[in-house]
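A quick write-up on the structure given underneath.
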There are 4 protein chains.
Amino acid sequence: MSSDSTSAPAGRRRRDAGATKQALLEAAQARFAQVGYESTTLRDVAADVGVNLALIKRYFGSKEGLFKAALAASPRLMNDVPAGRASLAEALSRQLATDSWPEFDKHPVLMLLRASGDEQVTALRREALEGAAQRILDALGTGSSPADRSADGLLRAELLVALGVGVAVLRSAVGLEPLASVSAEELAGPIQGIVDGLMA
Amino acid sequence: MSSDSTSAPAGRRRRDAGATKQALLEAAQARFAQVGYESTTLRDVAADVGVNLALIKRYFGSKEGLFKAALAASPRLMNDVPAGRASLAEALSRQLATDSWPEFDKHPVLMLLRASGDEQVTALRREALEGAAQRILDALGTGSSPADRSADGLLRAELLVALGVGVAVLRSAVGLEPLASVSAEELAGPIQGIVDGLMA
Amino acid sequence: MSSDSTSAPAGRRRRDAGATKQALLEAAQARFAQVGYESTTLRDVAADVGVNLALIKRYFGSKEGLFKAALAASPRLMNDVPAGRASLAEALSRQLATDSWPEFDKHPVLMLLRASGDEQVTALRREALEGAAQRILDALGTGSSPADRSADGLLRAELLVALGVGVAVLRSAVGLEPLASVSAEELAGPIQGIVDGLMA
Amino acid sequence: MSSDSTSAPAGRRRRDAGATKQALLEAAQARFAQVGYESTTLRDVAADVGVNLALIKRYFGSKEGLFKAALAASPRLMNDVPAGRASLAEALSRQLATDSWPEFDKHPVLMLLRASGDEQVTALRREALEGAAQRILDALGTGSSPADRSADGLLRAELLVALGVGVAVLRSAVGLEPLASVSAEELAGPIQGIVDGLMA
DNA sequence: TATGAATGAGAGTTCATTCAT
DNA sequence: GATGAATGAACTCTCATTCAT
């Protein structure tokens with residue numbers, strides 16, 4: 001779908017700063033998610049896009065800068081989740097199965113887990129995950145069950161985030177079967193059970 | 001001359017190959033779990049123990065070798081879990097709270113997630129996690145509930161493993177509150193709910 | 001459109017090639033004198049003036065070219081020195097004190113000492129300093145003292161140049177006190193003694 | 001005289017840390033004096049000695065560290081100058097002529113003038129030159145002339161240091177003739193005149 | 001003419017590893 | 001068996017420069 005950018009001369013993308021920057025960003029996201037911060041080399045990222053290494057410095061300042069940009073450009077986790085337990089479980093199942101992430105090792109959540117020591121990165125990471133937890137909590141907030149409103153509602157939401165993080169890791173980094181190749185459909189039942197059990 | 005036992009780093013450990021090796025292994029486990037494979041330097045590990053860098057080469061062959069040995073020497077996850085949902089939930093809660101791992105960033109599960117390149121490492125990792133899933137399944141297997149015996153029983157067990165992995169990551173690498181500082185006691189309720197919901 | 005003169009950097013200098021070139025030259029002189037050839041980046045020079053980096057290439061060809069131009073545009077050392085030992089000593093004192101060079105680290109003699117590689121640069125440098133020595137010799141040449149006309153008169157003049165160079169270096173690069181902050185007045189006596197002693 | 005080090009196996013110096021370190025130091029001193037801090041590359045220094053680049057890091061930590069070590073290992077300027085104007089002038093002449101420094105472009109004073117931005121380096125530099133000035137002052141201190149004891153005695157001593165610095169620069173970096181190839185003998189007269197005139 | 005996207009070469013630094021002693 | 005000197009390869013980063021527009 002989004003293979004080629006806006007108005008690029010197809011063959012060799014040349015002299016289009018925006019497109020180059022975007023391509024670098026995507027390549028970086030993939031590399032960071034797949035092999036982590038340290039193992040990702042800027043040479044590889046540049047080579048993926050087919051441009052010179054120095055452009056990364058030009059556009060992102062440094063490796064840290066590229067990482068932060070890649071992190072910031074990641075899609076929001078658990079975005080637009082309709083209210084209600086059923087739709088939450090369904091959204092979780094879908095996002096954790098290969099359906100929405102054919103190349104699962106590039107799942108944005110994986111990048112979140114790769115360290116870089118930097119303080120700002122840690123903050124970005126935390127914000128992203130806190131946001132996901134909050135959105136999960138919101139999706140459950142309309143329910144009448146006492147647990148939804150309880151003091152530890154956020155904790156329960158975070159446990160669902162943890163579940164998602166764990167599934168992503170086990171799928172991609174470990175390849176644990178049958179989890180690694182389960183479909184959204186097959187995942188739906190157990191996830192629904194977890195959500196219900198957690199909020200009972 | 002003086003043979004020191006494992007847990008007694010008396011004065012200057014001298015000429016006790018076994019103790020030195022064990023100390024190196026523990027130092028390596030801590031470093032790998034805390035900062036990951038790439039960021040761990042052999043010099044640091046050797047310095048932690050106070051021995052020469054070349055000893056690591058001698059004992060473990062290479063950095064990969066040390067990592068594999070550290071992985072293999074990790075405590076088994078979910079070991080000795082009594083049968084029954086309640087005890088399973090309790091065991092999970094305990095292991096995921098700071099209670100059993102005061103220095104949570106050295107939790108063995110964290111080391112499992114580091115470094116991906118080597119094939120043998122991936123295998124070790126998978127075995128460790130498959131074993132945990134199997135033991136969880138066993139702990140539930142004696143129950144009479146239909147889900148325990150269902151075809152996707154293993155999948156459900158793996159979801160619990162995923163939950164554990166995710167919690168460990170969020171606690172240590174991200175420091176997501178309130179999850180990061182929750183006690184085993186506070187964790188028990190929600191975890192129990194999840195186990196019950198999953199197996200309902 | 002609006003033609004700005006040399007010393008009036010009004011608003012945004014536009015379309016005045018001469019003024020831009022002159023501004024670049026001055027900025028380059030300052031940078032080269034202050035931090036040396038290698039540490040001066042063309043980006044910095046361009047930024048100082050507020051023009052595009054490529055303009056330097058256009059006007060001066062290369063970094064070497066800019067350096068040569070900056071060197072060639074430097075004010076002549078020991079220019080217009082009236083004849084006689086007293087006026088020579090006075091001229092030396094004045095030029096080596098902060099009086100005439102409030103920003104002493106931009107003193108033109110400092111630029112002369114930077115960068116060595118290029119052959120042409122060495123020639124320019126030598127010419128500038130030979131000229132200064134010659135003018136010093138001329139200023140003394142009208143005197144009746146036998147030393148003025150002696151075969152090593154030039155050598156003696158060069159020793160005065162050396163003194164000047166050394167003072168400039170010690171003032172700016174090293175900050176050697178009390179020399180670094182001495183006034184022209186305080187310098188006058190000792191310098192006069194040196195000139196007299198040298199020519200006695 | 002000091003071409004080969006202590007007990008080196010002549011052919012290829014191997015496995016002698018002390019000798020290697022010393023050789024690196026000497027090579028660094030030469031390079032720094034000749035082309036300055038920025039233009040000196042660690043690869044060149046290592047190549048001069050015929051060892052691996054990484055050894056410089058091992059022994060000196062960094063380029064800055066190497067520079068500081070080279071500076072600290074430099075011979076003291078104006079060391080062991082006997083008291084009296086005549087011997088001072090003679091010592092100055094000798095040190096500034098090719099006599100004592102056949103390869104004049106490696107003269108230690110040249111290294112002092114090459115910047116590196118570092119604060120500690122500036123301090124080292126200043127100390128070395130202050131020491132030289134002090135020793136010059138001491139050499140003159142026994143005289144009965146009023147100027148020796150005057151408040152600006154140090155300033156006058158520093159002017160002699162400046163003269164030395166300037167001569168060194170003009171000899172090596174600029175090659176100003178006839179100064180550049182003057183003998184100690186030819187230099188003696190003018191220098192003596194300067195010292196006398198300065199202290200009159 | 002002037003801009004800025006893109007490049008290539010080389011810098012210091014870091015690390016696992018190897019090799020004499 | 002154990003030490004530490006020495007190596008090679010790779011990394012990030014920096015800069016002058018070139019090339020389309």
Next on the checklist: Could you work out, with side-chain hydrogen bond (donor to acceptor under 3.5 Å, both in side chains) as the rule, every residue matching C:Ser74, not counting sequence neighbours?
Outcome noted: none
Checklist entry - What residues form a side-chain hydrogen bond (donor to acceptor under 3.5 Å, both in side chains) with B:Asp44, not counting sequence neighbours? => result B:Thr41
Next on the checklist: Give me each pair satisfying ring-ring contact (aromatic ring centres under 6.0 Å, His included) with a member in residues 33-54 of chain C, each pair once, sequence neighbours excluded.
Outcome noted: C:Phe32-C:Tyr37, C:Tyr37-C:Phe67
Next on the checklist: Looking at C:Phe60, I'd like to know if the NZ or CZ of C:Lys21 sits under 6.0 Å from its six-membered ring centre while staying within 45 degrees of the ring's axis.
Outcome noted: yes
Distances under 3.5 Å only, N/O to N/O: pair up the protein atoms with those of nucleotides 11-15 of chain F.
residue: F:dT12; atom: OP1; partner: A:Thr40; partner atom: O; Å: 3.3
residue: F:dT12; atom: OP1; partner: A:Leu42; partner atom: N; Å: 3.3
residue: F:dT12; atom: OP1; partner: A:Lys63; partner atom: NZ; Å: 3.2
residue: F:dT12; atom: OP2; partner: A:Leu42; partner atom: N; Å: 3.1
residue: F:dC13; atom: OP2; partner: A:Lys63; partner atom: N; Å: 2.8

Next on the checklist: Using every non-hydrogen atom in the two residues, find where C:Ala28 and C:Val45 come nearest and quote the distance to one decimal.
Outcome noted: N-CG1, 4.1 Å
Checklist entry - Of the non-hydrogen atoms in B:Leu53 and B:Ala46, which two are nearest, and what is the gap between them? => result CA-CB, 3.8 Å
Checklist outcome for this item: Per the 3.5 Å Watson-Crick/G-U criterion and a run length of at least three, the stems involving DNA chain F are E:2-21 with F:2-21
Starting at atom [atom1] of [X], determine the distance to atom [atom2] of [N], rounded to an integer number of angstrom.
X: A:Leu55; N: F:dC19; atom1: CG; atom2: P; value: 16 Å
X: C:Phe60; N: F:dA16; atom1: CZ; atom2: P; value: 15 Å
X: D:Ile56; N: F:dA5; atom1: CD1; atom2: C1'; value: 15 Å
X: A:Asp16; N: E:dT3; atom1: CG; atom2: P; value: 21 Å

Is the phosphate of [N], meaning OP1 or OP2, less than 4.0 Å from a side-chain N or O of [X]?
X: D:Thr20; N: F:dA6; result: yes
X: B:Tyr59; N: F:dG1; result: no
X: D:Arg58; N: F:dA6; result: no

Next on the checklist: Distance check, rounded to the nearest 0.5 Å: D:Lys106 atom NZ versus D:Met111 atom CE?
Outcome noted: 13.0 Å
Checklist entry - Which pairs count as side-chain hydrogen bond (donor to acceptor under 3.5 Å, both in side chains) when at least one residue sits in residues 48-60 of chain D, sequence neighbours excluded? => result D:Arg31-D:Asp48
